[in-house]
2 protein chains.
Amino acid sequence: MSLPHAILTALLERPSSGLELTRRFDKSIGYFWSATHQQIYRELGKLEADGLIRALPAEQPVRGQKKTYEVLPAGGAELARWTAAAQDPKPLRDTLLLRLRAAAVVGTAGLEADLRRHLDLHRGQLAEYEEIERRDFPPGRDSPQDRLQHLVLRAGIDLETFWTRWLEHALAEFAELPGLDGR
Amino acid sequence: MSLPHAILTALLERPSSGLELTRRFDKSIGYFWSATHQQIYRELGKLEADGLIRALPAEQPVRGQKKTYEVLPAGGAELARWTAAAQDPKPLRDTLLLRLRAAAVVGTAGLEADLRRHLDLHRGQLAEYEEIERRDFPPGRDSPQDRLQHLVLRAGIDLETFWTRWLEHALAEFAELPGLDGR
DNA sequence: TATGGCATGTAATGAGTTACATGATTCC
DNA sequence: GGAATCATGTAACTCATTACATGCCATA
């Protein structure tokens, strides 16, 4: 239910082709809403059919040829409507927590290595976000748009901080656990 | 890919029928892996067909009649294998962050009320987790199983703490924003 | 002219959600 | 015996993922 709106947002920020969108979904927007190129092309087709976006004038309906989209007024209206609409938060669904709970019944053998790997990944992501903060949000610049985008980035930073701390804590606990392995 | 393993874990903790599992997925396990009864029945069928679980002896293959499942050795082995296997963390996908980013281009009108609502929901969830912690994990009890389950609960508590703080911060920022509404 | 990279797409599968259907049991 | 509730299930649909297919274009 959110992918079309993620695409509308990206296209309002800057008209783009499918592949350009795909690249932007690998960073920026993709930091909190990921999507593959297959999803994006399918959704661009739907959005165009629904009259929310259109291909820019030089429209060649040829296959391997670039096609840039822009948002139509109806698309902007739909995005504004969706942004303001009440939506319930989705319940948490996390594999790692599930595996820990499973480990309580089948033993912790082998889990620790993957916790360490996750810790490294989250540390890396955290460093990346902090670099972006330094580069794109220096103190001083604070248009409303900047503030909103900064707020989103802060969520990313705080979430990664949470995961690194939690994983460090978990690993410390593991070190103290008596041999539960293979239980 | 994780639902079957969530079910195996729940059944190892205690053999149950489909509806009992559904209830347990509304709390406990469901706090970090939610599932509806339709998913659960479908998955129970698959797990039984694959020989990972079985219906308890008094097996009546009658429709509206209770059917309790238990885990077979092959099921335990599969769960242990899955628990130890390396798995990449799934990229974040959060609607609220997306809406904030959208608000930076279409305006913040109407968003604030829903942020407040989310804040209330997260505060409620946090209180619920803290109550569980008081009740189920008093200082002192610390078998390895308790420690692992407590670790999972701590993740829930810390995550809800993060969201409440972030939402408070976001609302404070909103209060300072010049009229961006309807931009 | 052929190779590699760019760009757009199709097909198949799987996981999750929503709506509905049916049998058994209990209690009035 | 009728209504409510418990319990199990089916069907249809949407969304996401994985693998593959095809056309264009530059350049060696």
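Atoms considered below: every heavy atom in the structure, side chains included; atoms not considered: hydrogens, waters and symmetry mates. For clarity, every value in this text was computed on a predicted model and none was experimentally measured. Every chain is numbered from 1, with letters handed out A, B, ... down the list of sequences.
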Side-chain N or O of [X] versus OP1/OP2 of [N]: is the shortest distance under 4.0 Å?
| X | N | value |
| --- | --- | --- |
| B/S17 | D/dT8 | yes |
| B/Y41 | D/dG9 | no |
| A/R23 | C/dC6 | no |
| A/R93 | C/dA15 | no |

[N] [atom2] sits how many Å from [X] [atom1], rounded?
| X | N | atom1 | atom2 | answer |
| --- | --- | --- | --- | --- |
| B/E43 | C/dG14 | CD | C1' | 11 Å |
| B/K66 | C/dT25 | NZ | C1' | 13 Å |
| A/K90 | D/dC15 | NZ | P | 11 Å |
| B/M1 | D/dA16 | CE | P | 19 Å |
| B/I40 | D/dG9 | CD1 | P | 13 Å |
| B/I7 | C/dA15 | CD1 | P | 12 Å |
| B/L98 | D/dC15 | CG | P | 15 Å |
| B/D88 | D/dT18 | CG | P | 11 Å |

> For residues B/S28 and A/R101, is any side-chain donor paired with an opposing acceptor at under 3.5 Å?
Replying inline: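 Looking only at side-chain atoms, A/R101 and B/S28 do form a donor-acceptor pair, the distance falling under 3.5 Å.
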
I'd like a table of atom pairs between the protein and nucleotides 18-20 of chain C - only N or O on both sides, under 3.5 Å - with the distance next to each one.
unit_1, atom_1, unit_2, atom_2, d
C/dA19, N6, B/Q38, NE2, 2.7

Decide, yes or no, whether a salt bridge links [X] with [Y] under the criterion of side-chain N to carboxylate O below 4.0 Å.
| X | Y | answer |
| --- | --- | --- |
| A/R14 | A/E20 | no |
| A/K90 | B/D94 | no |
| B/R135 | B/E130 | no |
| A/R117 | A/D120 | no |
| B/E133 | B/R154 | yes |
| B/E70 | B/R54 | yes |

> Taking the nucleotide of DNA chain D with the closest heavy atom to each, which residue, B/L19 or A/K46, is nearer the 5' end?
Replying inline: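 Closest to the 5' end, via its nearest nucleotide, is B/L19.
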
